[in-house]
Amino acid sequence: MAIYIYNTLTRKKEPFETLQPNQVRMYVCGPTVYDKAHVGHAMSVLVFDIIRRYLEYRGYEVRHVMNYTDVDDKIIQRANLEGVDSMELAERYMQEFARHLQELNVRPATVYPRATQEIDQIIAMVQGLVEKGYAYEVDGDVYFAVEKDDDYGRLSGRQLEDMQSGFRINVDERKRSPMDFALWKASKPGEPAWDSPWGPGRPGWHIECSAMNLHHLGEQIDIHGGGNDLIFPHHENEIAQTESLTGKPFARYWVHNGMLQLSGEKMSKSLGNLVTIEEFLSEHSADVLRMLVLNSSYRSPLKFNEETIGHAERALERLRSAMRPAQVGADGEMPAALQQQMEATRQGFVEAMDDDFNTAGALGHLFDLVRAINQARDEGAGPQALETAQKLLRELTDVLGLRLDEEARGGDEAAPFVDLLVEVRTELRQQKLWALSDLIRDRLLELGVVLEDGKDGTTWRWK
RNA sequence: GGCGACGUGGCCAAGUGGUAAGGCAGGGGUCUGCAAAACCCCGAUCACGGGUUCGAAUCCCGUCGUCGCCUCCA
């Protein structure tokens, strides 16, 4: 069975075939580090982390590159505003982002290139494009001539003529076509600058990704990803630059995630309607955000609000319910129904994920397994049977990047004391001192400990 | 104005030709001293209007609505 991936370039789901057997070269556009990252950035990162994990699960070796744009107008502007060095500012936010990646349980990329560390490659590429006649220099700027590129607009499905009629383009008289974009920008005094054949300057935005791809992955790659707001002009321009230079098809599959929406609008810095990753993680676990992402198609807009966050939180709780141990003293064998469900779940999970990473469908299958496990527990299945099924659940949730094992929030030191309280309370209950028993239960709940009175005694867990 | 995506039960959301997964919320029940959890049962004909087909949520056309891109943006 093949994996099918929706390709923005062809607007179809296509069977996934790699350039080299069992090896995937994947490039994902990372953030411009000029401010705190928001949950929309996290969504994109999570989407591609899930894709990567699944490809690895299916036996591929993934070479995963994510860049940091650490030089650009906004960084310079922001640095001037704060009165700090622009490199310093970029460094600060880059480190913060790296920390978030860890907190979000994202598998580390193979390489994290930065624009400022790829200047030589960028200059070489611009030079190559000038030599081939695809780019031209004006006053220390270098522009890509879109009219030289026959199939410009292919990714975003736009015609050059349509774009030129757009009234939003500021016409720069020095450009041959209004749609020409900068490969290299001459620096103004006080701006970060690198020497180049065209004088001191810095790279344009689009060229860095092309150069990094060439440098770290080669002329042709399997997957190129990013948010769908990057389709035009960023990815369109990347294709133009890279293919004009190499003469070969650049990325095989263009994969784009939908936008996170806050109150019906795309979350973005310019709109100011954002929740930073830091803010989110101070109130919720990373799994909650991941669950939110998993519960819908990665290509669709994702509704982000208190209600959907709450749903994700409770869905996670349900998933975790299956991980609870067998009843005290139970020793039943593996029920046939559970055995059957395990097979159905594994198969259903793979089928769903093979279909353009249908995580919501895959989750549905996991919940079927959750029900079967809980059913088995209720019916007295023993630890061995239960653990076999739980192992599968853990294996599959791990592919999605969820961490079902709840961290013991109170720490292990607290456990003996909780045990003691439970013991005392059991005495109280035997003496039918309900008011006191309930008080202990309520107070422990306030401290984050949930007591559950079962048939064979009381169990407790961290909330 | 151009390009693209989408509109499925109260909410979130799978499903792209054969009469609609799953989660959350809600109602009823089992269990419980009560509760919680878990388990069992209950709910939609798929924005609207046409068309194609033996048959459509699923294909085509139109209408309405929402969102994204067209300038930096994950």
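In this text, all values refer to a predicted model and were calculated from it rather than measured experimentally. Both backbone and side-chain heavy atoms feed into the values below; hydrogens, waters and symmetry mates do not. Naming convention: chains lettered A, B, ... in sequence-line order (proteins, then strands); numbering from 1 in each chain.
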Positive for side chain to side chain contact (heavy atoms under 4.5 Å, CB included) with A:T458, one of A:E423, A:R441, A:E452, A:R429: A:R429

Candidates B:rC12, B:rG33, B:rG2 - which lies nearest the side chain of A:R425: B:rG33

C1'-based separation of B:rC54 from B:rA38 [nearest Å]: 47 Å

For residues 36-49 of chain A, which side-chain N or O atoms pair as donor and acceptor with protein atoms under 3.5 Å away, sequence neighbours left out?
unit_1, atom_1, unit_2, atom_2, d
A:K36, NZ, A:E96, OE1, 2.9
A:K36, NZ, A:E278, OE1, 3.3
A:H38, ND1, A:G40, N, 2.9
A:H41, ND1, A:H38, N, 3.0
A:S44, OG, A:N257, OD1, 3.0
A:D49, OD1, A:R107, N, 2.9
A:D49, OD2, A:R53, NE, 2.8
A:D49, OD2, A:R290, NH1, 3.0
A:D49, OD2, A:R290, NH2, 2.8

Partners passing side chain to side chain donor-acceptor pair (under 3.5 Å) against A:R314 (at least two apart in sequence or in another chain): none

Aromatic ring of A:W434 stacked on base six-ring of B:rG33, 5.5 Å, 30°: yes

A:Q327: side chain to side chain donor-acceptor pair (under 3.5 Å) partners, not counting sequence neighbours: none

A:D70: side chain to side chain donor-acceptor pair (under 3.5 Å) partners, not counting sequence neighbours: A:R114, A:T116

Just the atom pairs and distances: protein N or O near nucleotides 24-28 of chain B's N or O, under 3.5 Å.
unit_1, atom_1, unit_2, atom_2, d
B:rC24, O3', A:R314, NE, 3.2
B:rC24, O2', A:R314, NE, 3.3
B:rC24, O2', A:R314, NH2, 3.4

Donor-acceptor contact below 3.5 Å, side chain A:R202 vs main chain A:K185: no

By side chain to side chain donor-acceptor pair (under 3.5 Å) - contacts of A:K13 (at least two apart): A:D355

Nucleotide N/O of nucleotides 7-9 of chain B paired with protein N/O under 3.5 Å:
none

Contacts of A:D356 that satisfy salt bridge (charged side-chain N to carboxylate O under 4.0 Å, His left out) - sequence neighbours left out: A:R299

Donor-acceptor under 3.5 Å (A:Y54 side chain, A:V350 main chain): yes

A:D453/A:R425 salt bridge by N-O under 4.0 Å criterion: yes

Side chain to side chain contact (heavy atoms under 4.5 Å, CB included) against A:A322, all qualifying residues, sequence neighbours excluded: A:V370, A:I373, A:N374, A:L393

Which nucleotide in B:rG33, B:rG68, B:rC12 has an atom nearest any side-chain atom of A:S437: B:rG33

Nucleic acid contacts - residues 91-111 of chain A versus RNA chain B, non-hydrogen atoms under 4.0 Å: none

Those residues that, when tested against A:H284, pass ring-ring contact (aromatic ring centres under 6.0 Å, His included) (two or more places apart): A:F280

Contacts under 3.5 Å, N or O only, protein and nucleotides 14-18 of chain B:
unit_1, atom_1, unit_2, atom_2, d
B:rA14, OP1, A:S297, N, 2.5
B:rA14, O3', A:N358, ND2, 2.9
B:rA14, O2', A:N358, ND2, 3.3
B:rG15, OP1, A:N358, ND2, 3.2

